[in-house]
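Keep in mind that what you see is a predicted model, and the values were worked out from it rather than measured. Order of listing sets the numbers, starting from 1, for every ligand and every atom in it.
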Amino acid sequence: MESIQILDAKKHVGETVQIGAWVANKRSSGKIAFLQLRDGTAYFQGIVVKSEVGEEVFQLAKNLNQETAVLVTGEIREDSRSKFGYEIGISGLEVVGESHDYPITPKEHGTDFLMDHRHLWLRSSKQHAIMQIRNEIIRATYEFFNKNGFIKIDPPILTGSAPEGTTDLFETNYFDQKAYLSQSGQLYMEAAAMAFGKVFSFGPTFRAEKSKTRRHLIEFWMIEPEMAFMHQEESLEVQEQYVAFLVQNVLDNCDYALDVLGRDREVLKKYTKLPFPRISYDDAVELLQKNGFDDIQWGDDFGSPHETFIANSFDQPVFILNYPKAIKPFYMKPHPTREDVVICADMIAPEGYGEIIGGSERAIDHEYLLEQIRAHGLDENEYSWYLDLRKYGSVPHTGFGLGLERTVTWLSGIEHVRESIPFPRLLNRIYP
Ligand code: 4AD
Ligand code: MG
């Protein structure tokens, strides 16, 4: 007898198969029991009829608790009444792992309770759907960069540098030296771009940020492409093509998850249209000031109400171009005719989801970078390897970083970034 996954039930109609699953829910009468079965690929119904299986198996089925692990055997049938379309007529039932007093019941629970039980909460259908979207974004990311001639490079996680500023570093001991958990692999990716042309990384990054918002994680995953012989305009095209590709693949391959999450496909479809709008930082400040945001001055960084207002002025993700030099990291390319801004862009997601990409063209002049490293209070000895890149065949290059969890949160249409990663690390939480 073949063991199958629930998702493949449609290929086995009329066959008798075995499935390992958990009992998500159950209802029964004197003669028939309906088991809601979950195996991680999908949910479907198992039907146990007393007159077919006999008293012993029927009593076993009737007394199953939520989250009991079972091996069921039976015939796959079409089931036109369910959205999934198939069910199993159970003929054999074996309990593999018992479950008593499962803490997460079908009633409503508070967020703190659910977060304390994250190891179990992951089993619920909404979390399952979000992880499927996350998985699809990961899969499509590899597809996009592989088919566009990028090579995946893994930068180190223990580092001696602070690309995004020294305020939110996680410090650790590296034998008798100080080290930091990586904030961004970018500087290493610049070295990789000089070695291999077009590269991308995909790995965990850490920010000891004291931010407690619905967009901030302490540990998150970032995709960082870096491209040699490329200026910013062309990078913006790569960025919008990449994001539109992610949206299209979620639309194509995550039907079930989008249904569970109630995500409107018509809304998502708008994000596959290219190009995405672009607005300069200068114009964005003016737009905000004209619309009653008297708290914002040229030179300020945008907060989330500002980003949301700018995003709502467009129907698609929007690039904000060329921010003030003073609020951006040391490595960004200076503007050719203006002292006060750098060649960079953030991509702001629609619907209030905030910044999903930060990127820039990189400064390539050795003297300029050395000056910036000093001006930012960084130790130039730690950056001498980075400065070497500007000594030996320095070329125009540009790159960006996309935050995986913010993108998952946005495409899933959920409220808070904490549900977009299996085990979130938050300001007040490192359990479970
Ligand atoms: O804008 P950021 O800080 O840019 C960099 O790290 C660059 N070195 C990237 C590059 O050019 N290679 O971070 C990039 C993205 C943000 O747009 C956001 O999506 C995500 O990473 N991000 C976070 N996501 C969750 N929680 C946090 N605390 C995040 N900080 C940044
Ligand atoms: Mg940023």
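- Contact check on E351 versus R263 returns a salt bridge, with a Lys/Arg side-chain nitrogen under 4.0 Å from an Asp/Glu carboxylate oxygen.
- Among the atoms of E164, some N or O lies under 3.5 angstrom from an N or O of ligand 1.
- Of the listed residues (R406, E224, M222), the one carrying the non-hydrogen atom nearest atom 13 (O) of ligand 1 is M222.
- Ligand 1 is never approached by M332 to a heavy-atom distance shorter than 4.0 Å.
- In this structure, the protein non-hydrogen atom closest to atom 15 (C) of ligand 1 is G401 O, 3.6 Å.
- No hydrogens or angles considered: a donor-acceptor pair under 3.5 Å links the side chains of T398 and Q232.
- Among R362, Q183, E405, R215, the residue whose heavy atom sits closest to atom 25 (C) of ligand 1 is R215.
- Distance from atom 3 (O) of ligand 1 to its nearest protein heavy atom, with residue and atom name: R207 NH1, 2.9 Å.
- Neither the backbone nor the side chain of E226 comes within 4.0 Å of ligand 1, counting heavy atoms alone.
- Protein heavy atom in closest approach to atom 28 (N) of ligand 1: L217 O, 2.9 Å.
- Remark: minimum distance from atom 16 (C) of ligand 1 to any protein heavy atom is reached at E355 OE2, 3.2 Å.
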Give the intermediate values and the outcome of side chain to side chain donor-acceptor pair (under 3.5 Å) for residues Q186 and E226. CA-CA 8 Å; Q186 180 194 318; E226 194 71 34; 5.0 Å; no

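- When non-hydrogen atoms are compared, ligand 1 lies under 4.0 Å from the side chain of Y331 (C-beta onward) but not from its backbone.
- Summary: OE2 is the N/O/S atom of E355 found nearest to the Mg ion (ligand 2).
- At distances below 3.5 Å, not a single donor-acceptor pair connects side-chain atoms of D39 with backbone N or O atoms of Q5.
- When the options W221, F220, F400 are ranked by their closest heavy atom to atom 30 (N) of ligand 1, first place goes to F220.
- The proximity of I357 to ligand 1, defined as any non-hydrogen pair under 4.0 Å, is limited to the backbone.
- In this structure, W410 falls outside the shell of residues with a heavy atom less than 4.0 angstrom from ligand 1.
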